[in-house]
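To find a chain, count down the sequence lines: A is the first, B the second, and so on, and within it residues start at 1. Remember, predicted model here, so these are calculated numbers, not experimental data.
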2 protein chains.
Amino acid sequence: MGKKTMISMAVVRRLPKYYRYLGELLRNDVERISSKELSERIGFTASQIRQDLNNFGDFGQQGYGYNVRALYEEIGKILGLNKHYNTVIVGAGNIGQAVANYTNFERLGFHLLAIFDRNPKLIGISIRDKVIQDVDNLEEFLKSNHVDIGIICVPKEQAQKIADIFVRCGIKAIWNFAPTDLNVPDDVIVENVHLSESLLTLSYRLNEAELFKEKIGR
Amino acid sequence: MGKKTMISMAVVRRLPKYYRYLGELLRNDVERISSKELSERIGFTASQIRQDLNNFGDFGQQGYGYNVRALYEEIGKILGLNKHYNTVIVGAGNIGQAVANYTNFERLGFHLLAIFDRNPKLIGISIRDKVIQDVDNLEEFLKSNHVDIGIICVPKEQAQKIADIFVRCGIKAIWNFAPTDLNVPDDVIVENVHLSESLLTLSYRLNEAELFKEKIGR
DNA sequence: TAGATTGTTAATCGATTAACAATC
DNA sequence: TAGATTGTTAATCGATTAACAATC
């Protein structure tokens, strides 16, 4: 009996962490693991682990636990890692170059097809065998190449314009590093990486105790 | 009357977004805004906005709404942006360099003191006027300089070792870009940026509909 | 079989939304 | 004052945890 209900984002965001921990267990030749043991390592409750996994199927076995390799592979499939994705990066500045050079993504099945920038000083330079192309060629490129994921690494002022091109060319998933929110149709998925929001969260937490000490004093 | 209760992370993670939107309004010379108007722009409900802000104080005025500048500044203070932070980056690879070059952080009050790496080819090179130093000098440096935030951009195998040095030298906040979880004492805050988890979340969502189509077929 | 551990239901907890009295 | 909009309480919704029967 299949469940058609969409999975909550809270669950989805834990999946990559399961995958990472199971990969480590696998590399350490651990064959089986109970939700209780995994709980102690990963820091979620055993109950939550069982609930999470049961969203996708019955991967465990009573009295035994979970087979590490089988579960690792199942979660890999759930995450879509049995597939291959073509990506392009737009913006070859610091972050664009960092993402381009992160070879681990290639290993996971994310294949970088091309990099674009509008800066003449960068156009023509190679990053990992990819010549940086003029962003004016982006739309044409997307029309003649199938791209699954568009990666935006341009300044925030240009981000929406690039997103519009992506949408127009049928890209359904955008990985956005620009510090802004993108407007896209409902069928296009945007995953944001907002570094400065992460840093501000850190500075908030660093000051939190103090913040409320002052309040109490009032 | 001050509230001493800690704020939930759900609320905290929305604060930087409020700050960003208020900054934009300010730049567009918007003087006042109601929770309803802000709701339409930022995408949170008006009710949630009022609840969130009331965790920190009474910033609004009945019948008027919120003064944009005042609220912007208040949230800035809440986020700790009225203070100045010294940071160091360990790991001068792609991500380390990208973070070092992100000058916007400087503008927010995060001052980069030094960059470290263990690669002799990188040691001695300058990034934004900072000479990359040998990581063997890290501990000594931290003992003679006050550092608020340690930024980890080394491969995952070395990340815990660096975190241990940070903790030993009294650093209370770590911004971790290594794809691993760090073990630190309770009084040390870790903020993770796990790029590959973000990418896997994206690929999950790209495949979600399909995943459950298959399930139903069974 | 007995012990272990899952899958799953029920209970709890926390976060979001709705409603409205207070008040500018 | 009348209208608008907050601050805040109450209701709802969703996510996590606890409990335990099912079963390997």
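Ion pairing between B/Asp187 and B/Lys172 holds under the 4.0 Å rule for side-chain N and carboxylate O.
Separation of atoms CZ (B/Phe212) and CD1 (A/Ile7) is listed at 4.0 Å; rounding is to 0.5 Å. Note: B/Glu197 CD to B/Leu199 CG = 11.0 Å, rounded to the nearest 0.5 Å. Put simply, CG on B/Asn94 and CG on A/Asn94 are 10.5 Å apart, with the number rounded to the nearest 0.5 Å. The line from SG of A/Cys169 to CD of A/Glu139 is 4.5 Å long, rounded to the nearest 0.5 Å.
The side chain of A/Tyr66 places an N or O atom within less than 4.0 Å of a non-bridging phosphate oxygen (OP1 or OP2) of C/dG7. The phosphate of D/dG7 (OP1 or OP2) has no side-chain N or O of B/Arg50 nearer than 4.0 angstrom. OP1 or OP2 of C/dA15 sits under 4.0 Å from a side-chain N or O of B/Ser8. Note on B/Ser35: a side-chain N or O is less than 4.0 Å away from OP1 or OP2 of D/dT6. Remark: A/Gln61 is not in phosphate contact with C/dT6, judged by side-chain N or O atoms under 4.0 Å from OP1 or OP2. For the OP1/OP2 pair of D/dA4 and a distance below 4.0 Å, the side-chain nitrogens and oxygens of B/Gln62 include no atom meeting the criterion.
Atom NZ in A/Lys36 sits roughly 16 Å away from atom P in D/dA19 (whole-Å rounding). Here C/dT8 presents its P atom at 12 Å from CG of A/Leu53, a figure rounded to the nearest Å. Counting to the nearest Å, the P atom of C/dA19 and the CD atom of B/Gln48 are 17 Å from each other. One can place CD1 of A/Ile49 at 13 Å from P of C/dT5, the figure rounded to the nearest angstrom. Counting to the nearest Å, the P atom of D/dT16 and the CG atom of A/Asn54 are 15 Å from each other. As rounded to whole Å, 16 Å separates atom P of D/dT6 from atom CG of B/Asn55. D/dT6 atom P lies 14 Å from atom CZ of B/Phe59, rounded to whole Å.
Within the shown strands, D/dA4 is the pairing partner of C/dT23 under the Watson-Crick or G-U definition, both distances less than 3.5 Å. Pairing for D/dT17 is with C/dA10, a Watson-Crick or G-U wobble pair whose two hydrogen-bonding atom distances lie under 3.5 Å.
Of the two residues contacting DNA chain D, namely A/Tyr64 and A/Gln51, the nearest-nucleotide position lying further toward the 5' end is that of A/Gln51.
Aromatic ring orientation, A/His111 versus A/His84: tilted (interplanar angle from 30° to 60°). Relative orientation of the B/Tyr85 and B/Phe110 rings is parallel, given thresholds of 30° and 60° on the angle between their planes.
Residue-level contact check: B/Ser47 touches the bases, meaning some heavy atom is under 4.0 Å from a base atom.
If you check D/dT17, D/dT5, C/dA15 against the side chain of B/Arg32, the one that comes closest is D/dT5.
Of the residues in residues 20-29 of chain B, not one places a heavy atom less than 4.0 Å from an atom of DNA chain C.
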